[in-house]
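Note sheet for the following structure.
Whatever order the structure lists ligands and atoms in, that order sets their numbers, starting from 1. Residues: numbered from 1 along the sequence shown.
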Amino acid sequence: MKVDGKHFRSIWRERDGWSVGAIDQRRLPHEFVVARLTSCEDAAVAIRDMLVRGAPLIGATAAYGMALAMREDASDAGLKLAYETLVVARPTAINLKWALDEMRATLAPIDPVERAEAAYARADEIVEQDVEINRGIAANGLALIEAIAAKKPGEVVNVLTHCNAGWLATVDWGTATAPIYLAHERGIKVHVWVDETRPRNQGASLTAWELGHHGVPHTVIPDNTGGHLMQHGMVDLAIVGTDRVAANGDVCNKIGTYLKALAAHDNGVPFYVALPSPTIDFAVHDGIRDIPIEQRSGVEVTDMTGRTADGRLETVRIVPENSPVANYAFDVTPARLVTGLITERGVLKPDRASLAAAFPERISAAAE
Ligand SMILES: CSC[C@H]1O[C@H](OP(=O)(O)O)[C@H](O)[C@@H]1O
């Protein structure tokens, strides 16, 4: 999407034809820094350390990581090592394994001498597919926003979102934000309540940054504010992203999503989850029981980084030195709290039958 009027994607193949450019999301919102990935290890570290983050972008980065690996060592052993290096970078977003499985399916059967070129071609396809899928999510989610706007002509549609499921979490457009961007571009009055999303503040640092640069009205709120806004009729609908949807419709997303869904359910606020089909994991039948929840370093909770009044970036500690910390990065919202799943093939009920009917090809793949 736009950054100061110029179009950007979150990741791209550089003009040299082989290295990979990516926005270093750890530096936002205060600095816009582009990183250059030149090896499989670079891609793995970028995912692990959240230089890039967001389920679809993690998948795209891993795909290019495999291509970078094939430049280095296209042997069967090299292919195996690359897969194993990348797949453990982060445990929760299923898009990582999905992308690596797609790459391996393309590369394993062919002659090693052909693998590097084939890997870049397949990675490019995954990248372009993400953008097209998100355009579909935008169109299908737009109808939801338009329906609300029609009931309150001339008034603003207030959307609450959690974490960053924006274009920075994908290659472009985003998932949860895709309908919002399209509504904004179609002239619908839309405003976004942006959950700051402790502890890494993806909402405050990333969603606010990208919405602001694209000219979308928004307000950053502490994570605990959403329930109050819903009680007072200030939220027309919630749209969030997801890192993995189980076959039963349970939704894994950034920690705190479940609490927002409970508040929405209690106040009759529609709670939608936007996702591309690679985020559906038909092999998982009970999301709460079976989706692995990443636990990240406690430093993300004890420390905060920001800009001082004189423009310096500083990190400070906000927790007593001897206090233990727990940092669960995701939670799972049961399907019963989800109004609908906004996908590239329509808005679906959060249940296996609806997911299977919309994506039959994914069922067969999971059964293999
Ligand atoms: C469209 S996927 C976005 C999804 O990913 C985020 O997690 P993280 O920033 O840790 O990669 C968050 O769960 C978002 O909803």
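Look at Thr242 and you'll find a heavy atom under 4.0 Å from some atom of ligand 1. The closest approach between Ala329 and ligand 1 stays at or above 4.0 Å for every heavy atom of the residue.
A distance-only check finds a donor-acceptor pair linking the side chain of Asp223 to the backbone of Thr197 [under 3.5 Å].
The nearest protein atom to atom 2 (S) of ligand 1, hydrogens excluded, is given as Ala55 N, 3.2 Å; this is a heavy-atom distance. Nearest protein heavy-atom neighbour of atom 15 (O) of ligand 1: Asn253 OD1, 2.5 Å. Protein heavy atom closest to atom 1 (C) of ligand 1, with residue, atom name and distance, is Thr175 OG1, 3.4 Å. Among protein heavy atoms, atom 5 (O) of ligand 1 sits closest to Asp243 OD2, 3.1 Å. The protein non-hydrogen atom at the shortest distance from atom 12 (C) of ligand 1 is Cys163 SG, 3.4 Å.
Atoms of ligand 1 lying under 4.0 Å from at least one heavy atom of Arg90, given by number and element, are 8 (P), 10 (O), 11 (O). Ligand-side atoms of ligand 1 in range of Pro56: 1 (C), 2 (S), range being under 4.0 angstrom from any heavy atom. In summary, the atoms of ligand 1 found under 4.0 Å from a heavy atom of Gln202, numbered by their order in the structure, are 8 (P), 9 (O), 10 (O). Atoms of ligand 1 found under 4.0 Å from any heavy atom of Met50, numbered from 1 in the order shown, are 9 (O), 10 (O).
Salt bridge annotation for Asp73-Lys80: absent, with no cationic side-chain nitrogen under 4.0 angstrom from a carboxylate oxygen. Electrostatic pairing of Glu361 and Arg345 counts as a salt bridge here, judged by a charged N lying under 4.0 Å from a carboxylate O. Ion pairing of Lys349 with Asp351 is absent here, as no side-chain N (NZ or NE/NH1/NH2) approaches a carboxylate O to less than 4.0 Å.
If you check the side chains of Thr242 and Asn253, you find no donor sitting under 3.5 Å from an acceptor. For the residue pair Asn164 and Gln25, no side-chain donor N or O sits within less than 3.5 Å of a side-chain acceptor on the partner. Side-chain contact, Tyr83 with Asp101: a donor N or O sits under 3.5 Å from an acceptor N or O. A donor-acceptor contact closer than 3.5 angstrom is absent between the side chains of Asn248 and His285.
Contacts between Lys254 and ligand 1 below 4.0 angstrom, taking non-hydrogen atoms only, involve backbone and side chain alike. The residue Thr279 has no part lying near ligand 1, judged by heavy-atom distances below 4.0 Å.
Note: Asn201 CG to Met304 CE = 4.5 Å, rounded to the nearest 0.5 Å.
Where the criterion is an N or O separation shorter than 3.5 Å, residue side chain and backbone included, Asn164 fails it with respect to ligand 1. By the 3.5 Å distance cut-off applied to N or O atoms, Thr170 is not counted among the residues near ligand 1. Inclusion of Ile58 in the set of residues having an N or O under 3.5 Å from an N or O of ligand 1 is not warranted.
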Do Ile280 and Leu275 pass the side-chain contact (heavy atoms from CB on, under 4.5 Å) test, and can you show the C-alpha distance, the side-chain angles, and the key distance before you say yes or no? CA-CA 8 Å; Ile280 305 168; Leu275 66 129; 3.5 Å; yes
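For atom 6 (C) of ligand 1, the nearest non-hydrogen atom from the set Arg53, Glu294, His162, Arg200 comes from Arg53.
For the pairing with Glu128, the salt bridge (Lys or Arg N to Asp or Glu O under 4.0 Å) check across Arg9, Arg122, Arg13, Arg135 returns one residue only, Arg9.
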